[in-house]
Amino acid sequence: MPALVRPQVKVRGSLLRVKVPADYSLSRDVCSYGYFLLRPNHWIVDQQCLLTCLHLEDGAAGCKLSQPGNKGSELSVRFDRKLTKPEQVEARAQLARMLRLDESRAEVAAFHKVDARWKRSGRGRLFRSPTLFEDVVKTVTSCNVAWPSTINMNRRLCEVCGKQSPSGLFSFPTAKRIARMRAGTLRARCRVGYRDQRLVELAKLFVRGEVDEAWLTSSGTSDDEAFGFLLGLPGIGPYAAGNIMMLLGRYSRLALDTESIRHGKTVLGLTGTDRAILKRLDKHYEPFGGHRFRSYWFEIWEWYQEARGPAHLWDRDEVGASFTASKF
DNA sequence: GGTAGACCTGGACGC
DNA sequence: GCGTCCAGGTCTACC
């Protein structure tokens with residue numbers, strides 16, 4: 001979609017009111033992780049609201065999320081078509097996952113108790129996708145590639161494989177859809193490169209129910225068990241598995257990549273070979289225990305914001321599309 | 001357990 | 001406009 005064309009939710013559809021935790025801030029908690037810059041998401045800076053598109057029982061439904069009141073006030077979610085009752089239930093569940101509404105004020109406070117640096121800003125929640133499948137695909141499309149390519153892959157996945165809503169927004173493709181696609185088609189039309197076969201295999205695992213989100217998030221499943229399972233998935237290595245752990249709400253692991261090395265060198269002043277820096281990073285965040293990823297991530301996020309201004313003022317097609325670790 | 005090279009895309013650069 | 005080089009994480013083969 002051309003940068004100058006701003007998608008609009010024009011049709012008067014269903015309106016959902018969504019209750020949020022008392023400390024919830026839409027602009028802060030959405031603009032907290034890079035996925036808010038990836039399709040089907042579009043943060044509208046001058047309105048401070050999120051435009052996105054959900055895949056529901058009767059197809060794609062574009063929606064605009066806003067928080068008309070102060071922090072903690074309920075969200076207004078306007079859809080571009082009428083939703084059936086079951087669709088409303090499904091939409092609420094997807095929105096809750098995406099916005100981390102399951103993370104209460106007390107849970108965020110527990111993080112601040114371990115790392116008080118983020119108490120003032122209130123940061124604690126990390127934006128994610130409405131489904132685990134989308135989170136996994138977004139993670140795979142962020143591996144071994146510069147950020148602008150990740151943006152392109154996600155845009156093409158939505159436009160080529162997603163469904164179009166009444167107002168013209170594209171939803172993210174479902175696992176069922178990707179599982180039916182030929183790897184060559186994904187490669188040629190979505191420019192996913194060698195990830196093509198891995199994405200199809202991942203989708204098939206989801207369709208067959210072999211990736212069980214309930215098990216992965218269960219308190220009865222240890223971090224080691226969840227991490228080990230993720231490592232066994234196609235296209236998922238240590239970085240991707242660590243990232244997906246965070247997306248599942250497990251913050252005890254880091255997702256270390258070249259960006260981490262840059263952070264270790266420039267912000268933490270670590271020296272030595274890349275391998276040595278990675279080891280030191282692991283050690284450095286040990287004191288944050290079960291919250292390590294958040295402490296690590298918000299340091300990186302703050303650094304981005306110092307360079308590019310507050311994230312809630314980033315325009316997806318300008319700042320969002322241009323930033324890469326090597327350019328900072 | 002550690003290491004080297006292939007896998008792809010897109011941006012940067014030189015001509 | 002074209003060709004070359006490089007960055008990026010995972011996977012496989014090999015030692």
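Within every chain, numbering begins at 1; the chains are lettered A, B, ... in the order of the sequence lines, protein sequences first and strands thereafter.
Using a 4.0 Å cut-off between charged nitrogen and carboxylate oxygen, A/Arg292 and A/Asp282 count as a salt-bridge pair. Using a 4.0 Å cut-off between charged side-chain N and carboxylate O, A/Asp274 and A/Arg262 make no salt bridge. Note on A/Arg117 versus A/Glu299: salt bridge recorded, some NZ/NE/NH1/NH2 to OD/OE distance being below 4.0 Å.
Linking ILVMFWY side-chain heavy atoms closer than 4.5 Å, directly or via other members, places A/Val114 and A/Phe293 in a single hydrophobic cluster.
If you take NE2 of A/His263 and P of C/dG8, they are 16 Å apart, rounded to a whole angstrom. In this structure, A/Met153 places its CE atom 11 Å from C1' of C/dG9, rounding to the nearest Å. At whole-Å resolution of the value, CG in A/Leu202 and C1' in C/dG9 are 14 Å apart. The CG-P distance, from A/Asn243 to C/dG8, rounds to 16 Å in whole Å. In this structure, A/Asn144 atom CG and B/dC7 atom P are separated by 13 Å, rounded to whole Å. Rounded to a whole Å, the CG atom of A/Leu256 is 15 Å from the C1' atom of C/dT10.
Residue contacts shown for A/Ile261 are absent, as no nucleic acid heavy atom lies under 4.0 Å away.
Sorted by first and then second residue, the salt bridge (Lys or Arg N to Asp or Glu O under 4.0 Å) pairs with a member in residues 91-114 of chain A read A/Arg97-A/Asp135, A/Arg97-A/Glu213, A/Arg100-A/Glu103, A/Asp102-A/Arg128, A/Glu103-A/Arg294; sequence neighbours excluded.
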Side chains of residues 230-248 of chain A: which donor-acceptor pairs under 3.5 Å do they make with residues two or more places apart or in other chains?
unit_1	atom_1	unit_2	atom_2	d
A/Asn243	OD1	A/Tyr33	OH	2.5
A/Asn243	ND2	A/Tyr33	OH	3.4
A/Asn243	ND2	A/Tyr35	OH	3.1
A/Asn243	ND2	A/Thr139	OG1	3.2

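Remark: aromatic rings of A/Phe229 and A/Trp215 are close, center separation under 6.0 Å.
Dashed line: the shortest gap from a side-chain N or O of A/Thr258 to OP1 or OP2 of C/dG9 is under 4.0 Å.
Taking every heavy atom of residues 185-200 of chain A and every atom of DNA chain B, pairs under 4.0 Å involve A/Arg187, A/Arg191, A/Gly193, A/Tyr194, by number.
Remark: A/Phe206 engages A/Phe133 in a ring-ring contact (aromatic ring centres under 6.0 Å, His included) (not counting sequence neighbours).
Ring geometry for A/Tyr304 against A/Trp314 counts as tilted: the plane angle lies between 30° and 60°, on a 0 to 90° scale. Using a 30° and 60° split on the angle between ring planes, A/Phe298 and A/Phe111 fall in the tilted class, from 30° to 60°.
No side-chain N or O of A/Asp58 forms a donor-acceptor pair with one of A/Thr84 less than 3.5 Å apart.
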Under 3.5 Å, N/O pairs linking protein and nucleotides 1-5 of chain B:
unit_1	atom_1	unit_2	atom_2	d
B/dT3	OP2	A/Arg275	NH2	2.8

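Direction change of the helix axis from one end of the helix from B/dG1-C/dC15 to B/dC15-C/dG1 to the other is 30°, with five pairs defining each end axis (rounded to 10°).
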